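Below are the structure tokens for one structure; questions will follow.
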Amino acid sequence: MNSAKPSYLTLSEQEWQDKIDAGLAMLEKCVLCPNNCGINRIAGKTGFCRTGFFPRIASAFAHTGEEPPISGYNGSGTIFFAGCTMRCIYCQNYPFSQLSLGRPVPLSFIKDKMLELQQKGCHNINFVTPTHVVPQLIIAVHEASKEGLSIPIVYNTSGYESTASLNLLDGIVDIYLTDLRYGSDESGQKYSGVGKYSQAAREAIKLMAQQTGQLRCNIEGIAEKGLIIRLLLLPGLLDELKDTIRFIAAELDFNPHISLMNQYFPTWKALDNPDMNATVGSDEFEQAFHLMRQYGLTNGWIQDTQQ
Ligand code: SF4
């Protein structure tokens with residue numbers, strides 16, 4: 001059981017309305033993410049993320065393979081969105097993130113799905129790839145809270161976030177579960193097709209850290225609030241990962257929980273890319289692990305098998 005009240009249960013009606021109004025305004029000339037497409041999503045136009053107003057859902061289920069405080073013993077109530085603000089050439093979820101799979105749903109469907117996952121005993125609602133549908137999710141969470149939703153919200157993201165969007169989520173998201181994928185903007189452009197990834201993601205992580213602080217769990221070890229950073233070692237990018245580790249150690253005020261992942265395998269367009277059609281050596285992974293220890297980053301997990 002969770003003991004602390006999720007943040008969103010303390011928002012006033014006025015605070016909800018202000019966030020919803022601000023979110024809808026951002027969708028009208030879409031600036032939800034750093035791609036800044038500027039198109040009217042409310043009118044159904046689509047930009048880089050290939051998503052109009054209605055979110056598309058790839059899957060919804062009790063996920064038992066997330067980090068232990070997220071999945072717990074009953075699973076994390078995962079709602080996986082199709083479309084994405086990035087175009088990673090190695091994306092393992094490319095049928096949903098890059099191809100037009102996943103069906104558009106009304107916001108009431110998302111509300112009902114959250115309540116259903118809570119009813120099943122899930123410890124949290126885990127929005128995966130949610131960046132491009134933040135205002136819609138705020139509306140859905142608001143409606144669900146009126147019907148009894150009372151478990152924490154996990155925001156599970158690539159880290160390519162705008163600060164304006166994160167400000168909307170302040171007081172709604174309890175747990176940020178974010179990637180910090182590249183240590184340079186050049187790699188973000190080259191392998192994910194987006195500008196200024198490193199700059200945007202580093203700013204985003206500092207803001208997430210301010211909003212939620214260090215990971216806190218209840219007596220059963222289930223996450224209630226905080227930040228988890230996922231670091232995936234990519235082929236040829238060990239030096240960038242080392243730079244990322246130094247950034248985390250230098251810029252965050254606490255020792256964050258880090259999920260260090262050695263799960264890369266080439267798929268999708270990476271199979272045609274000489275840099276990414278490769279694997280990561282265990283010696284490189286050990287170097288990353290030792291550097292984290294050297295900088296005192298001792299909280300978290302190592303994931304060295306594919307989920
Ligand atoms: S959320 Fe989509 S449409 Fe909006 S700025 Fe980002 S990529 Fe463009």
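Order of appearance sets the numbers: ligands from 1, and atoms from 1 within every ligand. Note that the coordinates shown come from a computational prediction; the quantities given were computed from them, not determined experimentally.
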Output a table of donor-acceptor pairs, distance under 3.5 Å, between side-chain atoms of residues 79-87 and any protein atom two or more places apart or on a different chain; print 'none' if there are none.
| residue | atom | partner | partner atom | Å |
| --- | --- | --- | --- | --- |
| Arg87 | NH2 | Phe48 | O | 2.7 |

Quiz item: Between Tyr182 and Tyr197, is the gap from one ring center to the other below 6.0 Å?
Solution: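 Yes; Tyr197 has its ring centre under 6.0 Å from that of Tyr182.
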| said: For atom 4 (Fe) of ligand 1, what is the number of protein N, O or S atoms at a distance under 2.8 Å? | reply: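 If we list every protein N, O or S atom nearer than 2.8 Å to atom 4 (Fe) of ligand 1, we get 1.
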Only counting residues at least two apart or in another chain, list the ones meeting salt bridge (charged side-chain N to carboxylate O under 4.0 Å, His left out) with Glu284.
->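 For Glu284 there are no salt bridge (charged side-chain N to carboxylate O under 4.0 Å, His left out) partners, ignoring immediate neighbours.
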- Drop me the distance from Ile42's CD1 to Cys30's SG, to the nearest 0.5 angstrom.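 Spacing of CD1 (Ile42) from SG (Cys30) equals 9.5 Å.
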Notebook entry, point to check: Mind checking whether Phe96 and Val128 have side chains closer than 4.5 Å, heavy atoms only?
Noted result: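 No, every pair of side-chain atoms sits at 4.5 Å or beyond.
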Check: Does Tyr94 have any ring pair (Phe, Tyr, Trp, His ring centres under 6.0 Å) partners at least two apart in sequence or in another chain, and if so, which?
Finding: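 For Tyr94, the residues satisfying ring pair (Phe, Tyr, Trp, His ring centres under 6.0 Å) (neighbours in sequence not counted) are Trp268.
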